[in-house]
Amino acid sequence: MAQKISGRLLAYILSVFLAGLGIFLYVYQAYPGISIEGAIAFGLLVLVTDNLAVMLPKAGAVSVAGSILMACLFVNGPVTASLISILQLLHVADFKNREPWYKYLFNGGQFLLAVGIGGIIFKTINRSGAFALQGEVVLAVVLSCLAYFVINTGLTAIAVSASTPERTSAIHTWLYNYAWLFPFHILVSIVAVGIALLYLRFGSVSLLFSTLPLILTQYIWLLTLRERKAVLDNIINMVRIMEAKDVYTAGHSRRVAQYAEKIGRELRLNEFEIDNLKNAAYLHDVGKIQIDLSVLNNEEQLSSEARKIFQSHVTVSAEITRSIVYTKSISDIIWSHHERYDGQGYPRGLKGDEIPIRAAILSVADSFDAMTTKRPYRDPFPLEKAVQEIELNSGKMYHPAVVEAFLKSAQKGDFLIEE
């Protein structure tokens with residue numbers, strides 16, 4: 001969230017906080033009892049795992065802290081679980097980044113609401129109070145975990161939607177950013193059940209053996225993602241330096257990434273696919289590093305030999321990204337982004353659905369930026385003409401579904417040409 005906050009967003013944050021506080025007070029009275037042992041044991045684990053969380057591309061984070069919270073809820077009840085959920089506010093990265101006060105207010109209310117409502121559902125269905133994998137207990141576990149996930153991600157989606165300049169709908173924000181996490185949450189729920197059963201059978205000592213592998217796995221994942229980001233950032237910076245040498249292509253990869261993301265979101269790609277698509281856009285021309293500027297900036301029609309040299313940058317770009325472990329997943333996107341829907345493209349002559357959809361998206365984004373920027377051999381196209389060219393070549397150069405998404409996005413004003 002930005003430092004500046006609208007009155008509407010502030011009202012929403014205050015509402016979430018007050019609702020969370022209200023739910024906690026209700027839970028405190030309806031299901032009294034706090035387990036000191038459980039609060040200490042589960043609380044320490046929540047504190048550790050939350051500080052090792054992997055940040056999501058837009059907002060929020062992924063960690064196994066949810067497993068520990070839900071296990072605490074099953075074993076010690078919603079009051080204890082609600083109290084230790086507040087420990088997630090003690091996130092070291094947030095303090096280092098000097099996050100604004102209202103973020104803590106929102107997160108506190110969000111945690112209390114998610115755990116509290118999940119606890120109410122669990123207690124209401126599981127009237128016996130026992131925890132065994134049978135009958136109403138299974139139903140109680142499933143519905144309480146589902147409520148925890150929906151409330152956590154849903155409230156965040158509304159906040160993200162209200163705080164972005166585009167003011168996209170909360171439903172679209174949730175679908176784009178959080179729906180893809182549901183399989184992960186199913187795993188989190190299963191792990192929570194396992195932790196709870198072991199705790200009930202063997203006591204607090206079982207937490208060390210049941211959660212240590214999870215913590216180590218999450219930590220390794222965190223380090224891997226950090227290393228991946230560092231490698232990608234270095235390669236992207238190299239591409240930017242290369243582009244800066246040529247006045248005609250400066251900023252090209254950045255703009256293509258922006259355009260590709262807009263189209264990808266219109267096609268409802270998930271965050272992993274969007275992330276790969278943007279990285280492919282940043283690196284799609286890295287192979288041009290081997291091509292002489294006299295070929296790239298040629299103001300006349302290229303000779304047959306020069307054209308082969310120019311077109312080779314696609315294969316070289318794919319080979320470079322394929323040789324790096326963190327960019328292997330985007331090499332095929334890059335390799336195919338100059339293919340045409342009618343099969344007349346290069347380097348392999350793929351056609352129709354043989355072309356990966358993300359490569360088809362990159363093709364449209366790349367072409368649009370090429371049309372709307374000045375090149376050695378022509379002036380830039382006006383926005384309307386560039387859009388018309390894309391539309392006219394639907395089913396020829398470009399995938400019809402991608403063109404349709406591009407046109408919808410263009411109608412929303414997503415493609416503003418930089419001066």
By side-chain contact (heavy atoms from CB on, under 4.5 Å), which residues pair with Gln344, not counting sequence neighbours? Arg340, Asp342
Might you work through the side-chain contact (heavy atoms from CB on, under 4.5 Å) test for Gln258 and Lys262, ending with a clear yes or no? CA-CA 6 Å; Gln258 292 172 350; Lys262 297 290 187 183; 5.7 Å; no
Side chains of Pro78 and Phe122, heavy atoms from C-beta outward: is any pair under 4.5 Å? no
Looking at every heavy atom in both Gly108 and Leu89, which two are closest together, and how far apart are they? N-CD2, 3.7 Å
If you take all heavy atoms of Asn76 and Gly38, which pair is closest and at what distance? OD1-CA, 3.5 Å
Closest non-hydrogen atom pair between Cys145 and Ser189, with its separation: CB-OG, 3.3 Å
As a quick check of understanding, evaluate side-chain contact (heavy atoms from CB on, under 4.5 Å) for Gln110 and Thr156, giving each step before the final call. CA-CA 8 Å; Gln110 176 189 24; Thr156 304; 2.6 Å; yes
Would Thr327 and Val231 count as a side-chain contact (heavy atoms from CB on, under 4.5 Å) here? Give the steps. CA-CA 9 Å; Thr327 57; Val231 170; 5.6 Å; no
Do Thr373 and Arg255 touch side chain to side chain, with heavy atoms closer than 4.5 Å? yes
Tyr219 OH to Ser63 OG distance, which is reported to the nearest 0.5 Å: 15.5 Å
Is any side-chain heavy atom of His399 less than 4.5 Å from a side-chain heavy atom of Asp353? yes
Rounded to the nearest 0.5 Å, what separates atom CG in Leu407 from atom CD1 in Ile263? 9.5 Å
Under the rule for salt bridge (Lys or Arg N to Asp or Glu O under 4.0 Å), what residues qualify as partners of Glu404, not counting sequence neighbours? Lys408
For Phe381 and Glu389, the nearest pair of non-hydrogen atoms, with its separation, is CE2-CG, 4.0 Å
For the student: nearest non-hydrogen atoms of Ala81 and Leu69, plus distance: O-CD2, 3.6 Å
Checking the side chain of Ser331 only, and the main-chain atoms of Ala318 only, is there a donor and an acceptor separated by less than 3.5 Å? no
In Å, rounded to the nearest 0.5 Å, how long is the span from CZ of Phe42 to CG of Leu83? 14.0 Å
Please answer whether the main-chain N or O of Asp50 pairs with a side-chain N or O of His91 as donor and acceptor at a distance below 3.5 Å. yes
Reported CG-to-CZ distance for the pair Leu87 and Phe111, which is rounded to 0.5 angstrom: 10.0 Å
With the side chain counted from C-beta on, respond yes when Val160 and Tyr178 share a heavy-atom pair under 4.5 Å apart, and no when they do not. yes
Could you pull out all residues at least two apart from Ala280 that satisfy side-chain contact (heavy atoms from CB on, under 4.5 Å)? Ile330, Ile333, Ile334, Leu362
Show me the side-chain donor-acceptor pairs of residues 9-27 shorter than 3.5 Å, one per line, residues at least two apart or across chains.
residue: Tyr12; atom: OH; partner: Leu155; partner atom: O; Å: 2.8
residue: Ser15; atom: OG; partner: Ala11; partner atom: O; Å: 2.8

side-chain contact (heavy atoms from CB on, under 4.5 Å) evaluation trace for Leu269 with Leu277: CA-CA 10 Å; Leu269 300 187; Leu277 178 60; 4.2 Å; yes
Can you check whether Ser363's main-chain N or O pairs, donor with acceptor, with Ser367's side chain at less than 3.5 Å? yes
Leu45 versus Ile84: any side-chain heavy-atom pair under 4.5 Å? no
Give a yes or no on whether a salt bridge exists between Asp332 and Arg348, defined as a side-chain N under 4.0 angstrom from a carboxylate O. yes
Listed by chain and number, what are the salt bridge (Lys or Arg N to Asp or Glu O under 4.0 Å) partners of Glu266, not counting sequence neighbours? Lys412
All heavy atoms of Val256 vs all of Ala365, minimum pair found to be O-CB, 3.7 Å
Are more than 12 heavy atoms, taken from residues, nucleotides or ligands other than Ile171, located less than 6.0 Å from that residue's CD1 atom? no
My understanding is that only residues two or more places apart in sequence, or in another chain, count here; which of them pass side-chain hydrogen bond (donor to acceptor under 3.5 Å, both in side chains) with Thr153? Trp174
Heavy atoms of other groups near Tyr31 OH, more than 12 under 6.0 Å: yes
Interatomic distance, Leu44 atom CG to Thr49 atom OG1 [nearest 0.5 angstrom]: 10.5 Å
Is the shortest heavy-atom distance from the side chain of Val64 to the side chain of Val191 under 4.5 Å? no
Residue pairs involving residues 316-331 (criterion salt bridge (Lys or Arg N to Asp or Glu O under 4.0 Å); sequence neighbours excluded): none
Partner set under ring pair (Phe, Tyr, Trp, His ring centres under 6.0 Å) for Phe406, not counting sequence neighbours: Phe368, Phe415
Just verifying a value: how many Å separate Leu232 CG and Asn279 CG, rounded to the nearest 0.5 Å? 4.5 Å
Going by the rule side-chain contact (heavy atoms from CB on, under 4.5 Å), which residues pair with Pro347 if we only count those two or more places apart in sequence or in a different chain? Val314, Thr315, Trp335, Glu339
Give every residue pair that meets the salt bridge (Lys or Arg N to Asp or Glu O under 4.0 Å) criterion with at least one member in residues 120-149, sequence neighbours excluded. none
Would you say Asn51's side chain and Leu90's backbone share a donor-acceptor pair under 3.5 angstrom? yes
Does Ile215 reach the side chain of Leu52, with side-chain heavy atoms less than 4.5 Å apart? yes
Check each of His337, His252, His338 against His284 using the side chain to side chain donor-acceptor pair (under 3.5 Å) test, and report the only one that passes. His252
I want to check something: taking the side chain as every heavy atom from C-beta on, are Met70 and Val188 in contact at a cut-off of under 4.5 Å? no
Backbone N or O of Ser317 within a donor-acceptor pair of the Thr321 side chain at under 3.5 Å? yes
Selection residues 128-164 - residue pairs positive for ring-ring contact (aromatic ring centres under 6.0 Å, His included), sequence neighbours left out: Phe74-Phe131, Phe149-Phe182, Phe149-His185
Show the atom names and distances, to 0.1 Å, of all donor-acceptor pairs under 3.5 Å that link a side chain in residues 193-209 to residues at least two apart or in another chain.
residue: Ser204; atom: OG; partner: Glu37; partner atom: OE2; Å: 2.4
residue: Ser206; atom: OG; partner: Leu198; partner atom: O; Å: 3.3
residue: Ser206; atom: OG; partner: Tyr199; partner atom: N; Å: 3.4
residue: Ser206; atom: OG; partner: Gly203; partner atom: O; Å: 2.7

